[in-house]
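Only one structure is covered here, and it is reproduced in the block below.
Side chains included, hydrogens not; waters and symmetry mates left out as well; all remaining heavy atoms used. Lettering of chains follows the sequences in order, A, B, ..., and the numbering in each one begins at 1.
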Amino acid sequence: MSVAMAIKPSLDAGPGRRLPAGSGFALSEVVIDPAALRAAMADPCAGAFITFEGWVRNHHDGRAVAGLRYESYAALANNEGTAILAEAMARFDLLAVHCVHRVGELAVGELAVWVGVSACHRDGAFDACRFVIDEVKARVPVWKYEHYVEGDGGWLHPGPGQGCCAPALPKPG
Amino acid sequence: MSVAMAIKPSLDAGPGRRLPAGSGFALSEVVIDPAALRAAMADPCAGAFITFEGWVRNHHDGRAVAGLRYESYAALANNEGTAILAEAMARFDLLAVHCVHRVGELAVGELAVWVGVSACHRDGAFDACRFVIDEVKARVPVWKYEHYVEGDGGWLHPGPGQGCCAPALPKPG
Amino acid sequence: MAVDVTIRYFASLRDRAGINDEQVRTGAADLAALYAERDGSLGLGWPREHLRVSVNGAFADWARVPAAGDEIVFIPPVSGG
Amino acid sequence: MAVDVTIRYFASLRDRAGINDEQVRTGAADLAALYAERDGSLGLGWPREHLRVSVNGAFADWARVPAAGDEIVFIPPVSGG
């Protein structure tokens with residue numbers, strides 16, 4: 001499977017784009033612990049700390065959801081994820097930025113993605129947190145397979161410009 | 001002291017402005033536990049959860065800060081804080097919004113204020129979280145006394161339109 | 001007609017006043033006049049334009065007339081968060 | 001000149017291909033032609049305009065020429081977060 005190397009954080013965002021300590025992108029095959037991630041970002045210089053968490057919802061597009069599975073292409077995901085964090089550091093006045101995305105089977109209510117941003121001041125930190133989750137959703141190769149309560153399921157492949165999710169193409173007969 | 005009644009959450013935002021379960025404003029005389037606050041907002045309908053945390057910084061306006069003391073006028077703080085949360089619920093598409101502000105003596109690195117917002121989708125939730133912390137800073141009667149490493153200290157009373165803090169008026173001689 | 005009110009002081013205003021609170025009998029026509037009166041007695045020092053005023057736990061207008069039993073607080077610029 | 005490359009499939013593309021990955025010898029002039037070739041063989045079904053393509057762990061241009069040993073992935077629309 002593609003996630004075997006997934007839990008190694010990828011700290012090198014390419015030439016000239018090393019991230020500061022406490023920053024990094026990772027995929028995780030195990031439950032994400034937000035308290036541990038928060039503690040790792042403690043910084044006596046920081047005045048503001050903002051997190052975004054994506055939780056697995058019990059419904060989507062009018063259907064009852066029993067759970068989901070995330071699959072990732074880890075090599076590209078780590079490269080793109082790290083590049084996004086380096087872009088956030090360059091664009092906004094931050095101390096650190098960190099993101100972890102789950103892969104594998106998730107139950108309703110579980111933490112799917114965590115973004116944490118620390119900064120001296122909150123100006124920019126909100127925008128940075130939003131930037132990271134928006135870019136992760138747009139660029140990082142992670143795919144969601146939803147299990148519906150009715151027993152069926154399907155891959156979600158949002159169409160261009162769609163806020164939500166288009167159904168996977170029908171299987172050719 | 002004014003904070004004796006402070007740890008009771010004030011859930012009634014006035015006529016027609018009751019907050020949903022999991023929402024409320026409170027002052028806290030004891031260390032804020034973000035993990036407990038987060039757990040209390042768990043909701044299988046929620047897809048997005050955003051937090052803002054204000055941390056005590058070790059510096060301010062070029063001075064080394066050893067710690068600080070927050071004082072509040074609790075009756076007004078609870079009323080204004082609750083009104084802010086009710087305004088956020090009315091303006092944005094949220095499931096719940098909660099805010100806790102510390103009072104008393106705080107060390108560098110301690111959590112001063114926590115805002116949590118849950119929503120079906122992240123659109124609006126970021127704006128709501130920002131709205132709440134901006135309004136709390138502008139309207140809720142909490143005052144900061146900074147202890148400087150050099151031994152002196154002072155109340156912070158930001159001037160109108162100032163992002164940062166004006167020194168307290170000099171004592172009349 | 002004079003009424004008895006409670007006034008509470010916070011932050012640097014309390015330091016200036018030298019007291020946490022006081023009971024006063026006042027004939028002030030409104031809260032602005034009451035602030036001028038207490039500023040004159042205690043040397044509070046803040047221009048009123050930089051303050052807000054609260055009555056019984058809610059922000060109030062400076063033109064409001066003090067009523068018997070009111071809890072009145074002059075609110076210096078806040079610095080929470 | 002034909003080169004040997006590895007192609008990996010994910011999500012609904014893997015379901016369509018019926019395989020996780022394959023080694024292919026291809027003379028395709030670019031990645032767009034390679035996709036057309038694999039679509040013809042496996043019935044991948046997605047219009048190329050809806051996909052992106054990655055070479056050796058980085059997004060690439062469809063006009064790129066496959067090189068010997070490349071790991072190539074056709075990326076259907078992502079749905080993380």
Legend entry - Other residues, nucleotides, ligands: >12 heavy atoms within 6.0 Å of Asp33(A) CG: yes
Legend entry - Interchain contact, Ala138(A) with chain D, by part (heavy-atom threshold 4.5 Å): backbone
Legend entry - chain D contact via Glu53(A) - side chain, backbone, both or neither, heavy atoms under 4.5 Å: neither
[X] side chain vs [Y] backbone, donor-acceptor pair below 3.5 Å:
| X | Y | value |
| --- | --- | --- |
| Trp143(A) | Pro76(D) | yes |
| His157(A) | Pro77(D) | yes |
| Lys137(A) | Gly81(D) | yes |
| Asn79(A) | Gly57(D) | yes |

Inset, instruction - List for me each residue that meets side chain to side chain contact (heavy atoms under 4.5 Å, CB included) alongside Glu150(A), sequence neighbours excluded, and say none if there are none. - result: Arg63(A), Asp152(A)
Legend entry - Smallest separation among heavy atoms of Ser79(D) and Leu156(A), with atom names: OG-O, 2.6 Å
Legend entry - Heavy-atom closest pair, residues Val78(D) and Pro158(A): O-CD, 3.2 Å
Legend entry - Phe10(D) CZ to Trp155(A) CH2 distance, which is reported to the nearest 0.5 Å: 10.0 Å
Residues 107-115 of chain A, side-chain donor-acceptor partners within the protein, below 3.5 Å, at least two apart:
{"unit_1": "Glu110(A)", "atom_1": "OE1", "unit_2": "Arg102(A)", "atom_2": "NH1", "d": "2.9"}
{"unit_1": "Glu110(A)", "atom_1": "OE2", "unit_2": "Ala107(A)", "atom_2": "N", "d": "2.9"}

Side-chain donor/acceptor pairs under 3.5 Å, residues 23-30 of chain D, sequence neighbours excluded:
{"unit_1": "Gln23(D)", "atom_1": "OE1", "unit_2": "Thr6(D)", "atom_2": "OG1", "d": "2.9"}
{"unit_1": "Arg25(D)", "atom_1": "NE", "unit_2": "Asp4(D)", "atom_2": "OD1", "d": "3.0"}
{"unit_1": "Arg25(D)", "atom_1": "NH2", "unit_2": "Asp4(D)", "atom_2": "OD2", "d": "3.0"}
{"unit_1": "Thr26(D)", "atom_1": "OG1", "unit_2": "Ala28(D)", "atom_2": "N", "d": "3.0"}
{"unit_1": "Thr26(D)", "atom_1": "OG1", "unit_2": "Glu37(D)", "atom_2": "OE1", "d": "3.1"}
{"unit_1": "Thr26(D)", "atom_1": "OG1", "unit_2": "Glu37(D)", "atom_2": "OE2", "d": "3.2"}
{"unit_1": "Asp30(D)", "atom_1": "OD1", "unit_2": "Ala32(D)", "atom_2": "N", "d": "3.3"}
{"unit_1": "Asp30(D)", "atom_1": "OD1", "unit_2": "Ala33(D)", "atom_2": "N", "d": "2.8"}

Legend entry - Interface residues of residues 61-75 of chain D facing chain A - non-hydrogen atoms under 4.5 Å apart: Glu71(D), Val73(D), Ile75(D)
Legend entry - chain A contacts, top residue of Ala11(D), Ser54(D), Ala58(D) (heavy-atom pairs, under 4.5 Å): Ala11(D)
